[in-house]
Amino acid sequence: MSSASESKPYKIAVLLCDTPLPAVRAMNGDYGVIFETLFRNSLESVSDPDANFVVDAYDVRNELVYPKDVDEYDAVLLTGSAASAYENLEWINRLVDYVRFLADEKPYIRILGICFGHQIVARALGGECVPNGQWEIGVTKIELTAVGEKLFGVPTLNLEQMHRDHVPSVPPSFHLLGSTPVAPNQGMVRLYPFAPSPSALSPADVHIFTVQGHPEFRTQISREIVKVRHASGLLDNCLVADYERRADWRNDGPGVVGRTLWEMVRAGREQRTRNL
């Protein structure tokens with residue numbers, strides 16, 4: 001049997017919901033490139049480190065561009081954004097409608113929501129996004145539920161955070177992955193109808209996956225964002241000092257969350273191939 005690297009490349013559509021800060025973009029590229037880097041670095045954690053894949057980026061915020069043929073893709077990923085998912089803006093409303101369309105009409109395509117993307121998915125599928133009243137930034141320990149532990153294969157998760165909006169509860173038909181004191185919904189999954197009980201789930205059972213944190217952020221990225229937001233007055237000295245205290249904590253973005261993303265994408269391809 002041929003390996004994934006010898007077969008048709010995995011295809012992931014990344015819906016760009018923002019543009020990185022100039023200094024971040026100069027060193028890391030746009031968010032399409034940043035997520036491509038996450039996927040590539042995460043391959044070290046899966047059984048086929050030479051898997052061939054393609055990331056196509058679509059600027060849904062500034063250009064209102066979406067895939068012409070979304071059926072080409074194994075997964076669609078929504079990035080983070082400095083915007084608020086509850087804003088009544090054309091590009092946000094269109095994105096909400098698109099997620100609802102994908103969930104209802106294209107169930108074989110995995111939906112992956114990151115930070116703002118997590119909030120958009122909630123808004124599209126029966127939940128809400130609201131202002132939190134406080135920031136959550138930097139590497140943060142997430143207490144996982146039994147479902148989260150089963151999916152990620154670890155007892156706790158450390159992820160970079162950068163938000164002050166959140167999803168306050170879990171929408172109908174979703175399962176909570178984990179919580180922090182600041183944000184009680186740190187991630188969620190919707191399972192396929194054929195999935196076993198949540199206590200026995202595997203990545204193959206996940207249709208929609210979201211996290212409030214940023215698995216794609218490295219310290220250099222988050223530090224630049226903190227520097228700019230501190231200089232503008234958005235982040236105070238206490239928040240920045242606390243961020244720096246945790247800056248060297250273990251970051252489970254590529255090794256745990258990235259690996260899980262890959263396992264879902266690969267499982268989706270196998271299921272889709274069997275059904276052809």
- [ ] Apply ring-ring contact (aromatic ring centres under 6.0 Å, His included) to H214 and list each qualifying residue two or more places apart in sequence or on a separate chain.
- [x] F217
Task: side-chain contact (heavy atoms from CB on, under 4.5 Å) partners for P22, two or more places apart - done: none
- [ ] List for me each residue that meets side-chain contact (heavy atoms from CB on, under 4.5 Å) alongside A146, sequence neighbours excluded, and say none if there are none.
- [x] none
Task: Electrostatic pair E270-R266, nearest N-O below 4.0 angstrom - done: no
- [ ] Determine yes or no for a side-chain-to-main-chain donor-acceptor pair under 3.5 angstrom, with T79 supplying the side chain and C17 the backbone.
- [x] yes
Open item on the list: Looking at F39, is its backbone amide N or carbonyl O close enough to the side chain of W262 to form a donor-acceptor pair, meaning the two atoms are under 3.5 Å apart?
Closed with: yes
- [ ] Inspect the contact between D242 and R245 and indicate whether a charged nitrogen and a carboxylate oxygen are less than 4.0 angstrom apart.
- [x] yes
Task: Within 6.0 angstrom of K141 NZ, more than 12 heavy atoms from elsewhere - done: no
Open item on the list: Applying side-chain hydrogen bond (donor to acceptor under 3.5 Å, both in side chains), can you list everything that pairs with S179, at least two apart in sequence or on another chain?
Closed with: none
TODO: Supply the members, apart from V139, of the Ile/Leu/Val/Met/Phe/Trp/Tyr cluster built from side-chain contacts under 4.5 Å; use none for a lone residue.
DONE: W249
TODO: Could you list the residues that satisfy side-chain hydrogen bond (donor to acceptor under 3.5 Å, both in side chains) with N185, not counting sequence neighbours?
DONE: none
Task: Test side-chain hydrogen bond (donor to acceptor under 3.5 Å, both in side chains) applied to R123 - qualifying residues, sequence neighbours left out - done: N93
TODO: Go through the structure and list residues passing side-chain contact (heavy atoms from CB on, under 4.5 Å) with F101, not counting sequence neighbours.
DONE: Y98, E105, K106
Open item on the list: Less than 4.0 angstrom from a charged side-chain N to a carboxylate O is my criterion; do D59 and R61 meet it?
Closed with: no
Task: Non-neighbouring partners of R269 that pass side-chain hydrogen bond (donor to acceptor under 3.5 Å, both in side chains), sequence neighbours left out - done: D74
Open item on the list: Checking one residue: V182. Which other hydrophobic residues are in its cluster under the side-chain 4.5 Å linking rule?
Closed with: none
Open item on the list: side chain to side chain contact (heavy atoms under 4.5 Å, CB included) for L112 and M264? Distances and angles first, verdict last.
Closed with: CA-CA 10 Å; L112 314 172; M264 288 185 287; 4.1 Å; yes
Task: Those residues that, when tested against S199, pass side-chain contact (heavy atoms from CB on, under 4.5 Å) (two or more places apart) - done: S197
TODO: Linking directly or through intermediates, with side-chain heavy atoms under 4.5 Å: list the remaining ILVMFWY members grouped with Y192, chain and number order.
DONE: F194
